[in-house]
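For reference, the structure discussed in these notes is given below.
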2 protein chains.
Amino acid sequence: MARVTQADVARAAGTSMAVVSYVVNGGPRPVAEATRQRVLAAIEQTGYRPDGVARALVGGSTMTLGLIVPDIANEFFAELAAAVEQAARAAGRTVLLANSEGDASTELDLLDTFLQRRIDGLVIVSQAPAAADRLLNRAKTRHVFLGAAPESAASIGVDNFGGAVAATRHLLEHGHSRIAAIAGPAGDHVAEARLAGWRHAVAARPTAGRVRFVQHPFTVTGGYDAALALLNPSPLAPGGPASGASIFGRSGPAGARVRPQAVFASSDRQAIGLLRAAADLGLSVPDDLAVVTFDGSSISAYAVPALTTIQQPIAEMAELAVRQLIDPDPQPLRAVLEVGLVVRRSCGCPPAHL
Amino acid sequence: MARVTQADVARAAGTSMAVVSYVVNGGPRPVAEATRQRVLAAIEQTGYRPDGVARALVGGSTMTLGLIVPDIANEFFAELAAAVEQAARAAGRTVLLANSEGDASTELDLLDTFLQRRIDGLVIVSQAPAAADRLLNRAKTRHVFLGAAPESAASIGVDNFGGAVAATRHLLEHGHSRIAAIAGPAGDHVAEARLAGWRHAVAARPTAGRVRFVQHPFTVTGGYDAALALLNPSPLAPGGPASGASIFGRSGPAGARVRPQAVFASSDRQAIGLLRAAADLGLSVPDDLAVVTFDGSSISAYAVPALTTIQQPIAEMAELAVRQLIDPDPQPLRAVLEVGLVVRRSCGCPPAHL
DNA sequence: ATGAAAGCGCTAACAC
DNA sequence: GTGTTAGCGCTTTCAT
């Protein structure tokens, strides 16, 4: 008892394969109701299941979408993956998932694999947007970049600059003037935009005095290290990760540093590390240190204290991306979505509940 | 300029398609070195990329593995997905991912979709193990269950009972006697095993007095609600989620309840909710309340205080599962992996660093 | 060592 | 309304 094929069904129903195909696909030609019933019965009886592979070979479409992210274990990408999968499933598509591990050459390999698999389209958070775009265009495979993207490609981003401004302003409104920032890695598209937003907002308050920022990876450990650099009364020895001077000039002689009253963290993960560092240093958040962060992944809601954060519209991004990939005639897409400030406890606003 | 096929390469190289196939696959027949080079050059020049779909149609294997989990946004499953993808990639396979949303009928639909796609094998955290197993067996598709599984199927689990015992004993060793438990939903295979482990350990200390447990979902909210039920001085009105009596009898008249000194939480997510509830109630962890949890997902390390937890060997599970699916002649598999206690701060042990 | 050709299971012309 | 048949791109026997 090998695989049940259309031919088996046709035989059982006493019809031709074409008719079976017509009823399975509801077209392209009409079928008499009586015949239809016989075919349906035969399908039921034989346990026939259409073969997607053969279908894809002739039809051209695999009904499969690819998703490549740096690290699915990161809650932000995990939530994104969940949203993409859901949107794809709603549209009858399946999702091929892969991690680039933040590595450009791994990403390119993955791309190659996906193209061999003939995915219909790809959603990608890319480490090498230009190269990826070239490859995908050559293969005529639809794709949309999330975050960093070449000018000419379809992309969906969020207003990183505006979000960072809003976050920082909220801290300003709490009356803080010394607002430091934990930025993402130098050179990172997203990280730079958020840093610029913080700079912009903080520059509006010239009384801000010594404002500092440090650049660290978008990780919990990165946030922890960053926080230590920012909060430690005795400055660490030089040679560590980049530590930026004030935008108004150097932040003063080492040792004479004043502790920031507030910190804008460029990502939730970093904020988690910051929270831990603050606890280790005996600093209470938000009493001794106010914090606002960026991302709005679920982890921000569960932290203690709950994090006030700039929330990215993950579901919207996913839906937009999937729609773009399966739209019969897609328009050029270059979306920049709005982000919202979600006020919780870490900024010093009054408590709310889970 | 349509798709570049093997025929194009053959033409460019001045050979037959068969030879192209031989060099691409390194067999099954030998090819003269000179010819090989010509073919390679032709491939390079035409930009040929083998078509995985056609290959799968004739070859039988899609080189694709499926993964179905209840919710990829849950960090435990996200970490699992990352590990499975990595193991699959290392073995040259690609992963088709889907969320069952904890719903059995969605899961069955997904199964159907994956089967149509002719996946080579499936890793599944199932809501309906028996039905899934039947379906997969009928389709002759290899599969391994993680967690709940039918007797006869390949499965990988962890020692939930033993882990819960170890967690509870650790609390006992801290000198606590009133150790409550936050259990998972009643009827859940995994939840029951962990609850039984707690029961077993706690029974060894008859002085334990009023030991209580409550059953709530494996979610942050579930943990929060559970904690409220357990910790609130004034008992909530009845009618809420199941609240278990002591194994030594009823836990005493309402209102006369004594607050537990420690809590064993059945999952990290619940523990996060518990931490938040404790904070809301002004209870300090571990000083007022010691906590040990189960799962060991990254979130447990980042919580404040860091959670002492029973760690599941996720990478090992993933590797074992993938190996089982691609092993040329697989042995029946019914693995129960050991779990380890990771001591951090929440149990009351001395602090360590990130 | 190489080539010709038969399918893999299906869809969609194209006939009737 | 239904049947026949030509591929989709590839692997692999079977000749040569």
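In the text below, chain A, chain B and the rest are named by the order of the sequence lines, each starting its count at 1. All heavy atoms count here, side chains included; hydrogens, waters and symmetry mates do not.
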For the side chain of A/Q312 and the backbone of A/D295, is there at least one donor-acceptor N/O pair under 3.5 Å apart?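 Answer holds: no.
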Closest non-hydrogen atom pair between A/T62 and A/R117, with its separation: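 Minimum heavy-atom separation between A/T62 and A/R117: CG2-O, 3.8 Å.
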So A/R89 and B/E101, side-chain contact (heavy atoms from CB on, under 4.5 Å) or not? Walk me through it. CA-CA 12 Å; A/R89 179 149 39 87; B/E101 294 174 355; 3.3 Å; yes
Rounding to 10°, can you tell me the angle the first-five-pair axis of the helix from C/dA1-D/dT16 to C/dC16-D/dG1 makes with its last-five-pair axis? 40°
Please identify each residue that fulfils side-chain contact (heavy atoms from CB on, under 4.5 Å) with B/L108, with sequence neighbours left out. B/L111, B/A131
Atom [atom1] of [X] and atom [atom2] of [N]: how far apart are they, to the nearest Å?
{"X": "A/Q37", "N": "D/dG1", "atom1": "CD", "atom2": "P", "result": "15 Å"}
{"X": "A/R117", "N": "D/dC10", "atom1": "CZ", "atom2": "P", "result": "14 Å"}
{"X": "B/R38", "N": "C/dA1", "atom1": "CZ", "atom2": "P", "result": "14 Å"}

Less than 4.5 Å apart, side chain to side chain, heavy atoms only: is that true for [X] and [Y]?
{"X": "A/F114", "Y": "A/L122", "value": "yes"}
{"X": "A/V123", "Y": "A/F145", "value": "no"}
{"X": "B/T94", "Y": "B/L65", "value": "no"}

With a 4.0 Å cut-off, would you call B/D120 and B/R142 a salt bridge?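 A salt bridge is absent here (no side-chain N lies under 4.0 Å from a carboxylate O).
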Where along nucleotides 9-15 of chain C does protein come under 4.0 Å, by heavy atom, of base (B) or sugar-phosphate alone (S), with - for untouched nucleotides? BBBBBBB
